[in-house]
Amino acid sequence: EVITMHGLITEMAKIVGKKPLLELNCAEDSISKENVFPFADISFVCDNAKLKNLGLRFTPLLDGLRRDFLNHYKFVI
């Protein structure tokens, strides 16, 4: 799956029924574009074929977040 940090935050906010507040002001926070937390505009790719060969099954990210929220966190928050 491919998702940006902005996209992940937006989707998580939808799941919990909130409006996301996304704000990054590099000049005010003395952050250069090269070292923006947490990933500095770097894409990561991994292969989970070995895990799948061991029989592990994966849930799509957003489906899993939604399921976990509805089954647990909704009662904690």
Side-chain angles (χ1 to χ4, degrees):
E1 293 180 66
V2 177
I3 191 165
T4 63
M5 185 60 73
H6 184 279
L8 178 61
I9 293 168
T10 300
E11 291 300 324
M12 290 172 70
K14 285 181 191 175
I15 290 169
V16 299
K18 301 287 183 180
K19 181 180 176 188
L21 176 62
L22 300 164
E23 184 177 316
L24 177 63
N25 185 333
C26 292
E28 185 176 301
D29 297 330
S30 300
I31 299 171
S32 68
K33 186 173 181 175
E34 291 77 31
N35 67 1
V36 172
F37 176 83
F39 301 117
D41 292 333
I42 297 173
S43 298
F44 294 95
V45 177
C46 66
D47 180 2
N48 56 20
K50 289 182 181 180
L51 293 172
K52 287 181 178 178
N53 287 338
L54 293 173
L56 291 172
R57 293 179 296 135
F58 293 91
T59 300
L61 176 65
L62 298 178
D63 292 343
L65 288 172
R66 190 173 295 107
R67 182 199 63 214
D68 289 348
F69 174 74
L70 292 174
N71 292 327
H72 176 71
Y73 296 107
K74 182 177 182 178
F75 304 105
V76 177
I77 297 176

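Model, not experiment: these values are computed from the prediction.
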Distance-only donor-acceptor hits, side chain of residues 10-21, under 3.5 Å, sequence neighbours excluded:
unit_1 : atom_1 : unit_2 : atom_2 : d
T10    : OG1    : H6     : O      : 2.8
E11    : OE2    : K14    : NZ     : 3.3

Query - Between CG on residue L8 and CG on residue L61, distance to nearest 0.5 Å - result: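 If we round to the nearest 0.5 Å, L8:CG and L61:CG are 6.0 Å apart.
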
Query - Under the side-chain contact (heavy atoms from CB on, under 4.5 Å) test, residues paired with D63 that sit two or more places apart - result: T59, P60, R66

**Report entry** Qualifying salt bridge (Lys or Arg N to Asp or Glu O under 4.0 Å) pairs, either residue in residues 46-62, two or more places apart
**Finding:**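 Qualifying pairs: none.
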
